[in-house]
Number of protein chains: 2
Amino acid sequence: MSPRTRRTSIADVARRAGVSVGTVSNVLNRPDRVSPTTRERVEAAIAELSFVRNGSARQLRAGRITTVGAIVLDISNPFFTDVTRGIEERLTADDYTLMVASSDREPEREARYLRLFEEHGVRGVMVVPTGESIDHLLAVRERGIGVVLLDHPSPVDSVSSVAVDDVLGGALATRHLLDQGHTRIAFLNGTHSIRQCADRLEGARRALADAGRDPDAALVEVTVPLDANGGETGIRALLEADDRPTAVFCVNDLVALGALRTLRRAGVSVPDDVALVGYDDVTFAAELATPLTSVRQPRHELGARAADMMLRGTDAPAEHVVFKPELVVRESSTTRAP
Amino acid sequence: MSPRTRRTSIADVARRAGVSVGTVSNVLNRPDRVSPTTRERVEAAIAELSFVRNGSARQLRAGRITTVGAIVLDISNPFFTDVTRGIEERLTADDYTLMVASSDREPEREARYLRLFEEHGVRGVMVVPTGESIDHLLAVRERGIGVVLLDHPSPVDSVSSVAVDDVLGGALATRHLLDQGHTRIAFLNGTHSIRQCADRLEGARRALADAGRDPDAALVEVTVPLDANGGETGIRALLEADDRPTAVFCVNDLVALGALRTLRRAGVSVPDDVALVGYDDVTFAAELATPLTSVRQPRHELGARAADMMLRGTDAPAEHVVFKPELVVRESSTTRAP
DNA sequence: TGACCACATTGAATCGATTCATAACGCGTC
DNA sequence: GACGCGTTATGAATCGATTCAATGTGGTCA
């Protein structure tokens with residue numbers, strides 16, 4: 001095996017088939033302009049040499065290509081997995097290809113992938129921003145690359161966005177817990193630099209205020225990592241406290257999963273001793289030891305819609321879509337029938 | 001906003017800074033060879049023009065880059081999500097970047113992404129093959145691109161691979177059910193063209209044969225899609241049958257999730273009426289309504305190890321690693337204490 | 001027979017960054 | 001002032017596919 005032989009190029013194919021490079025390129029891109037005989041000859045040469053187009057050269061000449069990038073906060077979160085699938089399905093319908101990356105909620109990683117995508121000449125990027133500012137995204141757009149904010153309302157008119165009303169979601173969950181008679185509610189949340197977290201908190205506080213409660217007194221916020229382990233540490237912290245809340249609202253279902261596990265191990269009954277509400281309504285939410293009340297978001301549609309905007313192109317007017325979340329009540333938050 | 005202005009190039013920067021293109025390139029790639037004064041001047045020009053390198057041109061000249069591709073069967077399956085994370089962590093340690101794609105178990109999609117990656121000039125690809133043959137992957141390797149088989153033992157010595165012993169996994173699950181006294185076992189499986197499915201079946205049959213049973217009589221195989229809905233349809237089919245098995249082995253935990261849901265709705269108790277075993281031991285397996293017995297695979301390590309082999313390069317001798325799975329027994333397969 | 005047209009094919013210019021042989025420069029030494 | 005050495009900077013050649021004006025080849029029709 002020759003380790004470092006030059007990749008076979010279009011010129012090699014041309015030589016082999018006894019035609020010019022232009023003709024080979026035509027076979028590849030506009031087969032109808034080439035006579036059947038030569039086309040066959042070229043195709044044979046391609047097969048014999050097992051030639052693969054050099055995408056870099058192709059793209060260098062042709063400009064942008066049919067690839068778009070997506071940067072989500074965390075691919076291992078089922079919420080983003082489903083959003084991604086929605087994007088992908090819409091894109092493949094138009095023969096576009098998707099490159100996905102996970103920022104892990106770190107602005108540096110977001111910036112790094114953004115640059116990588118831009119250097120690769122993607123048509124556009126769909127980004128769940130990690131930070132408060134989107135200036136870096138505006139800069140990308142200035143350079144002619146489409147930008148759609150994913151799961152994030154746009155702070156400026158000119159940038160399209162697809163979001164879900166997280167303030168409403170937070171309020172739905174909290175109001176429900178209030179309706180069940182809870183007066184002290186814990187909120188296992190992520191850092192407020194993550195917009196989704198900040199908004200859901202805002203919603204929770206509004207629901208409390210609307211009910212005539214003092215949010216500062218009634219809501220105990222615990223900041224945790226946004227996965228099952230985060231739920232575990234959050235609950236541990238709560239269990240040690242003197243004044244244990246009777247209800248826990250988790251900022252996503254993974255956290256709720258960890259919370260449920262930890263409560264069960266500690267011998268605390270859900271929902272009898274503690275009511276639990278999650279967020280996202282992931283596949284397994286209904287099937288847990290205690291079926292989980294959760295706030296459902298249109299994950300798939302979120303992605304599909306964003307992809308749709310992306311495909312409209314840079315010239316189309318910006319659009320701003322905000323979906324409404326929906327509370328799905330299950331056993332984890334409702335007192336069991338005796 | 002100028003919609004279709006040419007991207008600013010290294011020549012623009014050079015002009016602005018009053019230097020040659022070679023110098024700009026040096027600032028970008030070997031800053032130490034440039035005097036501090038000119039470097040500053042060039043950097044200023046880069047900032048003012050908000051210049052972003054054209055990756056295609058860069059790569060066209062330089063050859064391969066530090067990107068590798070991975071093609072898994074289904075990113076929305078938590079098993080593959082975790083494998084991907086393992087890969088990513090290992091790669092970022094060496095400053096490599098990962099592009100992930102999902103073949104959805106379709107050979108055409110696998111081939112399409114493979115070509116896309118190759119055209120983009122990736123250093124290598126890590127693939128969970130969809131079909132029986134890996135000839136297309138050998139061809140890719142002939143062209144100087146690293147290939148590592150993911151979750152698939154290599155049929156040839158020359159190609160590195162990382163796998164888990166699925167025959168053993170199938171046997172572990174089945175033996176366990178036999179030990180619990182079950183004599184008629186259903187297997188909700190995928191098509192046999194998927195190696196993992198074929199192997200787990202093989203393992204199940206061996207376990208039966210070892211126990212002196214006739215696999216054809218004792219095992220009822222139902223072919224289903226590999227997600228929660230698949231579990232649902234599979235169980236529906238079984239419930240309609242006259243001779244209902246007393247145990248169900250599901251080829252993965254998503255299928256088991258759907259199975260559990262459907263059994264519960266049909267009023268069939270797990271494990272009292274039907275024992276259930278899954279595969280993968282995903283995060284939520286322990287927290288389901290009935291905690292799920294499952295076969296655990298070292299997902300993260302699987303990915304990390306594959307990435308490791310990839311980084312060793314094409315010249316290093318091929319390696320073949322086969323991890324051993326492990327049965328995690330929980331309530332779904334063990335008769336409840338009275 | 002010659003004019004004209006449709007169709008096929010050619011080959012050189014082009015995209016933008018990198019590389020490297022060469023030139024320019026600064027500075028100390030004899 | 002000539003020489004040599006080390007440091008910087010230059011610019012043309014290069015990577016491989018695409019594009020398009022120009023050329024070539026028949027074929028049809030007056």
Side-chain angles (χ1 to χ4, degrees), chain A residues 4-43 45-46 49-67 115-116 118-122 143-145, chain B residues 4-43 45-46 49-66 115-116 118-122 143-144:
Chain A
R4 202 50 63 194
T5 39
R6 223 178 36 14
R7 258 169 100 169
T8 69
S9 78
I10 209 173
D12 299 323
V13 175
R15 206 169 309 128
R16 175 92 167 210
V19 298
S20 75
V21 292
T23 302
V24 177
S25 176
N26 279 336
V27 170
L28 257 24
N29 302 302
R30 310 180 209 68
D32 46 301
R33 305 235 173 124
V34 181
S35 77
T37 13
T38 39
R39 192 196 319 167
E40 268 172 40
R41 210 139 37 89
V42 172
E43 278 166 352
I46 289 177
L49 299 173
S50 68
F51 162 76
V52 175
R53 258 221 234 32
N54 182 326
S56 306
R58 172 184 171 70
Q59 190 183 337
L60 171 61
R61 188 67 239 270
R64 295 227 182 303
I65 47 167
T66 57
T67 298
R115 190 167 40 72
L116 192 82
E118 187 173 355
E119 286 186 1
H120 273 347
V122 297
R143 287 177 230 124
I145 293 170
Chain B
R4 201 49 66 194
T5 40
R6 220 175 44 9
R7 258 169 99 169
T8 69
S9 78
I10 209 174
D12 299 323
V13 175
R15 207 170 309 126
R16 175 93 168 209
V19 297
S20 75
V21 292
T23 302
V24 177
S25 176
N26 279 335
V27 170
L28 258 25
N29 302 301
R30 310 181 208 70
D32 46 299
R33 305 235 172 123
V34 181
S35 77
T37 12
T38 38
R39 192 196 318 166
E40 268 172 39
R41 208 140 39 90
V42 171
E43 277 165 354
I46 289 177
L49 299 173
S50 69
F51 162 74
V52 175
R53 259 221 230 38
N54 183 324
S56 306
R58 174 184 171 70
Q59 191 182 338
L60 172 59
R61 188 66 240 269
R64 294 222 184 308
I65 47 167
T66 57
R115 190 167 40 71
L116 193 80
E118 187 173 354
E119 286 185 2
H120 272 348
V122 296
R143 286 176 231 126

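Keep in mind the model is a prediction, meaning the values are calculated, not measured. Below, read A as the first sequence line, B as the second, and so on, with proteins coming before strands; counting in each chain starts at 1.
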Respond yes when some side-chain nitrogen or oxygen of [X] is under 4.0 Å from OP1 or OP2 of [N], and no when none is.
| X | N | value |
| --- | --- | --- |
| A:Ser35 | C:dT9 | yes |
| B:Thr38 | D:dA9 | yes |
| B:Ser9 | C:dG16 | no |
| A:Asn54 | D:dC15 | no |
| A:Arg58 | D:dT18 | yes |
| B:Arg7 | C:dC15 | no |
| A:Asn26 | C:dT9 | no |
| B:Arg30 | C:dT19 | yes |

Separation of atom [atom1] in [X] from atom [atom2] in [N], rounded to whole Å:
| X | N | atom1 | atom2 | value |
| --- | --- | --- | --- | --- |
| B:Arg53 | C:dT18 | CZ | C1' | 10 Å |
| A:Asn29 | D:dT19 | CG | P | 6 Å |
| B:Arg61 | D:dA17 | CZ | P | 15 Å |
| A:Ile10 | C:dG11 | CD1 | P | 14 Å |
| A:Arg15 | C:dT10 | CZ | C1' | 16 Å |
| B:Leu28 | C:dA17 | CG | P | 8 Å |
| A:Arg33 | C:dT10 | CZ | C1' | 15 Å |
| A:Asp32 | C:dT9 | CG | P | 12 Å |

Checking all strands, does [X] fall into the base, sugar-phosphate, or nothing category for heavy-atom contacts under 4.0 angstrom?
| X | value |
| --- | --- |
| B:Arg39 | nothing |
| B:Thr23 | base |
| A:Val19 | sugar-phosphate |
| B:Val34 | sugar-phosphate |

| said: Take a 6.0 Å sphere around CZ of B:Arg143 and say whether it holds more than 12 heavy atoms from other residues, nucleotides or ligands. | reply: yes
| message | I need the A:Arg58 CZ to B:Leu60 CG distance, nearest 0.5 Å. | response | 14.0 Å
| query | About how many Å separate CD1 of A:Ile46 and OG1 of A:Thr8, when rounded to the nearest 0.5 Å? | reply | 9.5 Å
| request: By nearest nucleotide on DNA chain D, pick out whichever of B:Gly22 and B:Leu60 is the more 5' one. | output: B:Gly22
| SB check B:Glu119 B:Arg115 (cutoff 4.0 Å) | yes
| query | Of the nucleotides D:dT10, D:dA17, C:dA12, which one has an atom closest to the side chain of A:Val21? | reply | C:dA12
| field | From A:Thr38, A:Val34, A:Asn29, A:Val19, residue fulfilling side chain to side chain contact (heavy atoms under 4.5 Å, CB included) relative to A:Val24 | value | A:Val19
| request: Keeping the roles fixed (side chain from B:Arg39, backbone from B:Val27), state whether a donor-acceptor pair exists under 3.5 Å. | output: no
